[in-house]
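Order of the sequence lines fixes the chain letters, A, B, ..., with proteins taken first and strands second; residue numbering starts at 1 for each chain.
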Number of protein chains: 2
Amino acid sequence: MPRTRGLMLQIATGDARPISKQIVDGVRMKIATAELVPGDQLPSVRGLAQQLTINPNTVAKAYAELTAEGWLESRQGLGLFVATPRQRLSDGERDRRMDEAISAFVHEVAALDYPPERALSRLDRALQVLSRKTA
Amino acid sequence: MPRTRGLMLQIATGDARPISKQIVDGVRMKIATAELVPGDQLPSVRGLAQQLTINPNTVAKAYAELTAEGWLESRQGLGLFVATPRQRLSDGERDRRMDEAISAFVHEVAALDYPPERALSRLDRALQVLSRKTA
DNA sequence: CCAACTGTACTACTACGAATAGTACAGACA
DNA sequence: TGTCTGTACTATTCGTAGTAGTACAGTTGG
């Protein structure tokens with residue numbers, strides 16, 4: 001029996017990310033931190049669009065991306081559900097994207113003339129949220 | 001006497017970043033790692049555009065951004081030079097942007113289901129390049 | 001002084017991505 | 001059958017990025 005939950009997602013217009021990416025990031029983080037578990041049902045495309053006051057196509061786009069990545073599975077006529085975990089990316093692709101993320105982060109540290117050790121410790125703390133999942 | 005150097009910048013069309021951002025990131029990293037020092041002269045707008053086979057307006061845009069951020073200073077008729085170091089951003093703005101970078105990185109770690117400790121140690125290593133400057 | 005360089009500032013155009021609006025179809029279920 | 005669900009379009013608007021072209025002002029060496 002799928003649990004349906006109020007998703008409690010927040011979209012900020014000032015955010016540099018496109019709306020659909022904010023949704024993708026938000027849903028994924030909830031799955032990664034076990035706030036959403038496999039089998040949980042997400043709000044419908046039209047439901048979330050109404051809740052967030054955006055166009056349903058934008059939600060559909062975000063959901064489609066999450067589905068393509070393997071985080072969600074969709075049942076036409078039924079809805080969207082959190083998928084069971086599986087390897088979603090090849091190791092090569094993972095490392096490639098990690099390289100990019102690391103490069104971008106380092107460039108930003110340089111751009112802000114931010115103390116590297118401080119950046120690292122702040123990130124360490126921020127990453128705890130992902131490790132909590134295994135606790 | 002300003003030193004003029006071959007800039008050795010590389011632009012990749014496959015890169016997700018816009019061309020101008022690649023230039024900004026590249027130049028800034030060379031300054032942050034002391035490969036370029038205050039007083040060094042950069043290639044002219046038209047010179048770098050020719051070297052990279054891009055439009056001079058794109059280079060001008062990148063240079064303008066670096067100038068606005070305080071990394072470069074421009075002398076009309078003369079050229080662009082690496083500026084002397086100064087506080088470029090308010091502490092509040094720095095922290096805000098650092099928060100964003102951290103958040104983006106954490107979201108990517110989640111997206112890739114990447115082991116957080118591994119991400120952290122890889123980033124630690126990558127950040128050494130910025131610490132070398134003070135050695 | 002002039003030519004050749006320099007940065008800067010436009011205008012106009014093209015292409016692309018993001019978001020939206022609207023519509024329609026197929027599936028599921030009470 | 002009506003109402004929900006996801007999915008798939010088409011068309012439009014807007015903003016960003018890059019380009020091409022032009023022009024002006026500043027600098028410098030011959």
Side-chain angles (χ1 to χ4, degrees), chain A residues 1-5 7 9-27 39-83, chain B residues 1-5 7 9-27 39-83:
Chain A
M1 187 86 312
R3 299 186 304 178
T4 306
R5 300 163 151 266
L7 192 54
L9 258 191
Q10 282 174 324
I11 296 304
T13 43
D15 203 302
R17 291 168 299 167
I19 293 180
S20 59
K21 185 161 183 5
Q22 288 180 54
I23 297 173
V24 168
D25 282 351
V27 171
D40 279 359
Q41 182 166 24
L42 270 74
S44 72
V45 164
R46 293 171 179 92
L48 187 60
Q50 187 161 40
Q51 177 191 328
L52 299 179
T53 328
I54 58 176
N55 191 277
N57 278 330
T58 309
V59 177
K61 188 184 174 191
Y63 278 175
E65 185 176 333
L66 287 163
T67 304
E69 288 179 358
W71 297 98
L72 302 182
E73 58 193 1
S74 72
R75 305 243 187 82
Q76 185 164 347
L78 227 55
L80 273 288
F81 304 85
V82 178
Chain B
M1 186 86 312
R3 298 185 305 176
T4 305
R5 299 162 151 266
L7 193 54
L9 259 190
Q10 282 173 325
I11 295 305
T13 43
D15 203 302
R17 292 168 297 168
I19 293 178
S20 58
K21 185 159 183 1
Q22 289 180 53
I23 298 174
V24 168
D25 283 349
V27 171
D40 280 357
Q41 181 166 26
L42 270 75
S44 74
V45 164
R46 293 173 179 89
L48 187 59
Q50 187 161 40
Q51 178 190 327
L52 300 177
T53 327
I54 60 176
N55 192 276
N57 280 330
T58 309
V59 178
K61 188 184 174 192
Y63 278 176
E65 184 175 335
L66 288 164
T67 304
E69 289 180 358
W71 298 95
L72 303 182
E73 59 193 0
S74 73
R75 306 245 186 78
Q76 187 163 343
L78 225 56
L80 271 291
F81 303 86
V82 178

Rounded to the nearest angstrom, tell me the gap between atom [atom1] in [X] and atom [atom2] in [N].
{"X": "A/Gln50", "N": "C/dT20", "atom1": "CD", "atom2": "C1'", "answer": "16 Å"}
{"X": "B/Leu72", "N": "C/dG7", "atom1": "CG", "atom2": "C1'", "answer": "13 Å"}
{"X": "B/Leu42", "N": "C/dT6", "atom1": "CG", "atom2": "P", "answer": "13 Å"}
{"X": "A/Lys21", "N": "C/dG17", "atom1": "NZ", "atom2": "P", "answer": "16 Å"}

OP1 or OP2 of C/dG7 under 4.0 Å from side-chain N/O of B/Ser74: no

Under-4.0 Å side-chain N/O to phosphate OP1/OP2 contact, A/Asn55 with C/dA21: yes

Sugar-phosphate only, base, or nothing, as touched by B/Arg75 at under 4.0 Å among non-hydrogen atoms: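 Sugar-phosphate: the residue B/Arg75, judged by heavy atoms under 4.0 Å, touches backbone atoms but no base.
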
First and last nucleotide of DNA chain D, 5' to 3', lying under 4.0 Å from heavy atoms of chain B: D/dA17 to D/dT28

Intermediate values then yes/no, side chain to side chain contact (heavy atoms under 4.5 Å, CB included), B/Val27 and B/Ile23: CA-CA 6 Å; B/Val27 171; B/Ile23 298 174; 4.2 Å; yes

5' precedence on DNA chain C between A/Leu78 and A/Arg46 (nearest-nucleotide basis): A/Arg46

Residue mapping more 5' on DNA chain C - nearest nucleotide basis, A/Gly77 or A/Ile54: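 Here A/Ile54 is the residue nearer the 5' end.
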
Non-hydrogen atoms of A/Asp25 and A/Arg17 that approach each other most closely: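 Smallest interatomic distance, heavy atoms only, reads OD2-NH1, 2.9 Å.
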
Closest non-hydrogen atom pair between B/Glu73 and B/Thr67, with its separation: CA-CG2, 4.5 Å

Value rounded to 0.5 Å, distance of NZ in A/Lys61 from CG in A/Asn55: 12.0 Å

Atom pair CG (B/Leu72) and CG (B/Leu66), whose distance is rounded to the nearest 0.5 Å: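 Output value for this atom pair is 5.0 Å.
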
Flag, side chain of B/Glu65 to backbone of B/Lys21, donor-acceptor distance under 3.5 Å: no

Selected nucleotide, minimal atom distance to A/Thr58 side chain, candidates C/dC10, C/dT20, C/dG27: C/dT20

